[in-house]
Amino acid sequence: MGGYDDPHISESRVTAGKVAFEGGGAFLRDTRREVESYLSDEQTARSGILRLYAKAVIALAATVISWTCLLLAPHEPVVVAVCLAGLGTGLTLTAFCVQHDANHGAYFRKQRHNHLLGWTADALLGFSSYAWRVKHNVSHHTYTNVDGCDDDVSQVPLARFAPSQRPRRWYRFQHFYIWPLYTLVGLRWQTAGDLLSLIRGRFAQSALRFPRGWNLAALVTGKALFFSWTLVVPLFFFPWWVVVAVYIGWTMILSLVMVTTFQLAHCVEEATFLSRDQLIAERRVWAVHEVETTVDFCTHNRILTWLLGGLNFQIEHHLFPGVPHTHYPAIAPIVQRNCLKHDVRYTSQGSLAAALHSHFRHLRRMGQLGLPVSIEMG
């Protein structure tokens, strides 16, 4: 099992140019001490990692078996529907429970083993795990909700997620048009997104170096394998239009689920947003910043927690990204208790509907903010 500290967070402070966080602090120190105590129990630690391994087996087996049956079993409507459902479930679990934990270093002690399992992002989901580790682990996890530093926040001119971003008239409608755009994110990652990111050489202010050696080989072979199993091989069994329709359909559905899950944790009314200049001026404590820019949701829903790989416990994940997500429900009371002790705002949405409504209202408010009064009221 990997360590629970993000390797990009130093003990004293995080810097990037003039942007800096204060590290450590009493809140993180006390929370870490209790989490260490919880994980020090050998049976507890073993149980968490075994449950994580079991989910990986289920995810990969569901994907491979469903895909194989889809091609070889009789192409009756019911059989095809069951196979597609199994394939969708397997890929969803791979996205949330396998590649995400592995690319954070939560599965194994050795980095290369985590990167190998994290390669399921390339081979099964179609996006580069190499680029993901910079975009997600560095840009997003280090500078959560900081406009100009967190690449996830910067989606202009298509949408406005942060109050520091320039208003545009079309943002007034973003709480309606954003949902179809969410479905296209996966297609972009799988096709031109990774290449464009490598050409640009950065996510926000986080540098993305062009891969070499094994990293380059993994990127190229991953893309080749992904398009082989999703498009090339199925063409021997189904008409081309069926293959293309299924590929686009499941990619759009999985994309909508993935993007919405992450948005419900950060792009909501209760989360704090900062500009790069504000962060430079305030010099916030990193752990406190992570808690106050992140929101949990549906933490009592065991089925959702299992399917989403604990990503409804986003606060716990941001504080301890290297801990297997199977421990998040047990860690949450520790974090809540220390937030109360150190006067750190901790927010958890009680239901999925509440989280979706908060996201919707945030999008609507960001679309109206800063526009002339007549337009805001209109």
Side-chain angles (χ1 to χ4, degrees), residues 1-9 39 45-64 89-142 152 186 189-190 194 197 203 206 208 211 213-223 225-226 229 254-255 257-259 261-262 265 305-314 316-328 331:
M1 182 182 69
Y4 57 76
D5 289 320
D6 191 301
H8 307 287
I9 306 300
L39 292 173
R46 187 189 301 114
S47 173
I49 201 68
L50 288 178
R51 283 182 284 137
L52 188 69
Y53 290 166
K55 290 182 77 171
V57 171
I58 292 171
L60 298 178
T63 300
V64 173
T89 301
L91 291 171
T92 300
L93 291 173
T94 299
F96 287 123
C97 308
V98 181
Q99 74 83 23
H100 183 254
D101 277 63
N103 282 311
H104 271 299
Y107 267 88
F108 307 107
R109 293 184 182 276
K110 294 186 177 180
Q111 184 185 71
R112 64 176 178 270
H113 295 161
N114 282 301
H115 286 187
L116 180 60
L117 187 58
W119 187 68
T120 52
D122 301 73
L124 298 182
L125 302 173
F127 62 86
S128 167
S129 56
Y130 174 81
W132 170 269
R133 287 192 293 271
V134 177
K135 174 180 173 61
H136 184 71
N137 295 14
V138 182
S139 176
H140 172 64
H141 267 262
T142 307
D152 290 356
W189 285 348
Q190 293 167 356
D194 287 336
S197 297
F203 288 108
S206 300
L208 174 66
W214 286 110
N215 286 323
L216 179 59
L219 190 154
V220 174
T221 56
K223 288 287 186 185
L225 181 59
F226 173 74
W229 79 262
L254 182 58
S255 177
V257 173
M258 285 188 67
V259 175
T261 298
F262 287 107
T305 298
W306 193 84
L307 289 173
L308 297 183
L311 288 182
N312 48 335
F313 288 88
Q314 279 275 348
E316 292 70 27
H317 170 60
H318 271 253
L319 290 177
F320 303 101
V323 169
H325 71 260
T326 47
H327 290 296
Y328 292 163
I331 289 174

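Separation of atoms NE2 (H318) and NE2 (H140) is listed at 3.5 Å; rounding is to 0.5 Å. Atom CG in L50 sits 9.0 Å away from atom OG1 in T326 (nearest 0.5 Å). N114 CG to F108 CZ: the interatomic distance, rounded to the nearest 0.5 Å, is 6.5 Å. In this structure, T63 OG1 and I58 CD1 are separated by 11.5 Å, a value rounded to the nearest 0.5 Å. Rounding to the nearest 0.5 Å gives a distance of 8.5 Å between CG of N137 and OG1 of T142. Once rounded to the nearest 0.5 Å, the distance linking CH2 of W214 with OG1 of T221 reads 9.5 Å.
Residues V98 and L93 form no side-chain contact, since every pair of their non-hydrogen atoms from C-beta on lies 4.5 Å or further apart. Looking only at side-chain heavy atoms (C-beta outward), Q99 and L125 come within less than 4.5 Å of each other.
Of all the heavy atoms in S255 and G186, the pair that sits closest is OG-N, 3.0 Å. What you find for A131 and L208 is that their closest heavy atoms are CA-CD1, 4.1 Å. Nearest heavy atom pair, residue S129 against residue G118, reads CB-O, 3.4 Å.
Taking the six-membered ring for Trp and the full ring otherwise, H115 and Y107 have centroids separated by 6.0 Å or more.
A distance-only check finds no donor-acceptor pair linking the side chain of D101 to the backbone of A106 [under 3.5 Å]. In this structure a side-chain-to-backbone donor-acceptor pair under 3.5 Å is missing from K55 to L307. Remark: the backbone N or O of A123 is paired with a side-chain donor or acceptor of W229 at under 3.5 angstrom.
Judged as a ring pair (Phe, Tyr, Trp, His ring centres under 6.0 Å), and not counting sequence neighbours, the contacts of Y328 are H317.
For the ring pair (Phe, Tyr, Trp, His ring centres under 6.0 Å) criterion with F127, the lone passing option out of W189, F226, W119 is W189.
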(message) I'd like to know whether F96 forms a side chain to side chain contact (heavy atoms under 4.5 Å, CB included) with H325, so could you lay out the CA-CA distance, the side-chain angles of the two residues, the decisive distance to 0.1 Å, and finally the verdict.
(response) CA-CA 10 Å; F96 287 123; H325 71 260; over 6 Å; no

(request) Mind running side chain to side chain contact (heavy atoms under 4.5 Å, CB included) on Q314 and F262 for me, showing each step along the way? (result) CA-CA 9 Å; Q314 279 275 348; F262 287 107; 3.7 Å; yes

(message) With side chain to side chain contact (heavy atoms under 4.5 Å, CB included) as the criterion, how do H136 and H100 come out once you've worked through the C-alpha distance, each side chain's angles and the decisive distance to 0.1 Å?
(response) CA-CA 9 Å; H136 184 71; H100 183 254; 3.1 Å; yes

(message) Assess the residue pair V323 and I331 against the criterion (side chain to side chain contact (heavy atoms under 4.5 Å, CB included)); give the C-alpha distance rounded to whole Å, side-chain angles, the decisive distance to 0.1 Å, and a yes or no.
(response) CA-CA 10 Å; V323 169; I331 289 174; 3.9 Å; yes

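The pair K223-D194 meets the salt-bridge criterion, with a side-chain N (NZ, NE, NH1 or NH2) lying under 4.0 Å from an Asp/Glu carboxylate O.
Taking the six-membered ring where the residue is Trp, H141 and H104 present perpendicular rings, their angle passing 60° and hence far from 30°.
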